[in-house]
Amino acid sequence: MSGSVAEAATQGVADLHDLVAGIERQLDDWAAATTAWITATGKLTGTAIDKSIRPAVQAMLAAEGSLLAGAGFVAATGALGPERSYIAWWQGEDLERVDALANFSPQSTSRYVKAEWFRVPVETGLPHVTGPYIDLLCTDEYVLTFTHPVFDGGTIAGIVGLDVLAQTLERLGMPLLRRIGTRAALVNADGRTIVATAPDIEAGDIVAPAAGATVHPVGRALRIFSDTVAL
């Protein structure tokens, strides 16, 4: 690999890492602000949650250059009362609320509290990224959901999360991956493809690094394979 090609590949890795890390920093900042709000507000109610979370989501989705398709908060079971959860999540330019009726039905809410993007950060106390997966509850498109626990004292009060369409990462990430290789791929922790330059690999495919490929960490949990084989 010539010096100029190697430099382009190195820059492509750095730029893609910065892209993903930027989403994670936005999530970290929002989680810290939400934790501070929960600590200060005392007892959580649905009305209080909506009044705090909706303006934050609106500002993030409307921000210039926003990568987000949706965002919101889901309360941990019991945070609003015995066996109660609460979802405050919006998507799109019109700020469409996601399944508000779930807040009145424990059976509906269980769909959220059992989902990976909610369950893992609640169980581990750590941020998590889920996907790409087809978001049947919201967008009906391939999406990645970045989630982060929020706290009330030492207790997890719920999660905040950001939805990013896989298509958005493809649009921004494909030119960067092309600097790295003709079969480069951005993958999740399980080796599931988010975007790849190889024409035979699509979002959601399980892949592995080819022999001799380099593997680069991207953000907290994603990786770049410089050369990829489908499994």
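Positions are given from 1 along the sequence. Just so you know, these numbers use all the heavy atoms, side chains as well, and skip hydrogens, waters and symmetry mates.
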Quick one: does E24's side chain get under 4.5 Å of F146's, heavy atoms only?
-> yes
Which residues satisfy the side chain to side chain donor-acceptor pair (under 3.5 Å) test with E116, sequence neighbours excluded?
-> H128
Do V98 and W90 have side-chain heavy atoms sitting under 4.5 Å apart?
-> no
For V195 and L172, run side chain to side chain contact (heavy atoms under 4.5 Å, CB included): C-alpha distance rounded to whole Å, both residues' side-chain angles, the deciding distance at 0.1 Å, then the answer.
-> CA-CA 10 Å; V195 55; L172 297 173; over 6 Å; no
Heavy-atom pair of closest approach, residues V143 and V164 | CG2-O, 3.2 Å
Pairwise side-chain contact, M174 with T197, heavy-atom cut-off 4.5 Å (strictly under) = yes
Taking only residues two or more places apart in sequence or in another chain, which ones pass side chain to side chain donor-acceptor pair (under 3.5 Å) with D200?
-> R183
If a pair satisfies side chain to side chain donor-acceptor pair (under 3.5 Å) and one of its residues is in residues 205-224, list it, with sequence neighbours excluded.
-> D28-R220, T214-H216, T214-S226
Name all residues meeting the side-chain contact (heavy atoms from CB on, under 4.5 Å) criterion together with A71; count only those two or more places apart in sequence or in a different chain, and write none if there are none.
-> W30, V57, M60, L61, L162
So which pairs with a foot in residues 164-176 pass side chain to side chain donor-acceptor pair (under 3.5 Å), sequence neighbours left out?
-> none
Atom of W117, atom of W89 and distance for their closest heavy-atom approach = CZ3-CZ3, 4.0 Å
Is it true that D50 and R97 have a side-chain N and a carboxylate O under 4.0 angstrom from each other?
-> yes
Main-chain N/O of T35 paired with T39 side-chain donor or acceptor, under 3.5 Å = yes
Joining Ile, Leu, Val, Met, Phe, Trp and Tyr whenever any side-chain heavy atoms lie under 4.5 Å apart, the cluster holding F225 also takes in V187, I201, V207, V215
Residue pair I180 / I224, side-chain heavy-atom distance below 4.5 Å = yes
side-chain contact (heavy atoms from CB on, under 4.5 Å) involving T41 - partner list, sequence neighbours excluded = W37, L44
Go through the structure and list residues passing side chain to side chain donor-acceptor pair (under 3.5 Å) with D15, not counting sequence neighbours.
-> Q11, R179
Tabulate below the donor-acceptor pairs under 3.5 Å that side-chain atoms of residues 74-82 make, not counting sequence neighbours, or state none.
none

Residues in side-chain contact (heavy atoms from CB on, under 4.5 Å) contact with T10, at least two apart in sequence or another chain = none
Which residues satisfy the side chain to side chain donor-acceptor pair (under 3.5 Å) test with T145, sequence neighbours excluded?
-> Y133, D163
Remaining members of the apolar cluster that contains I206, side-chain heavy atoms under 4.5 Å = L231
Take I194 and L144 through the test side chain to side chain contact (heavy atoms under 4.5 Å, CB included) and record every step on the way to the result.
-> CA-CA 9 Å; I194 299 166; L144 283 85; 3.6 Å; yes
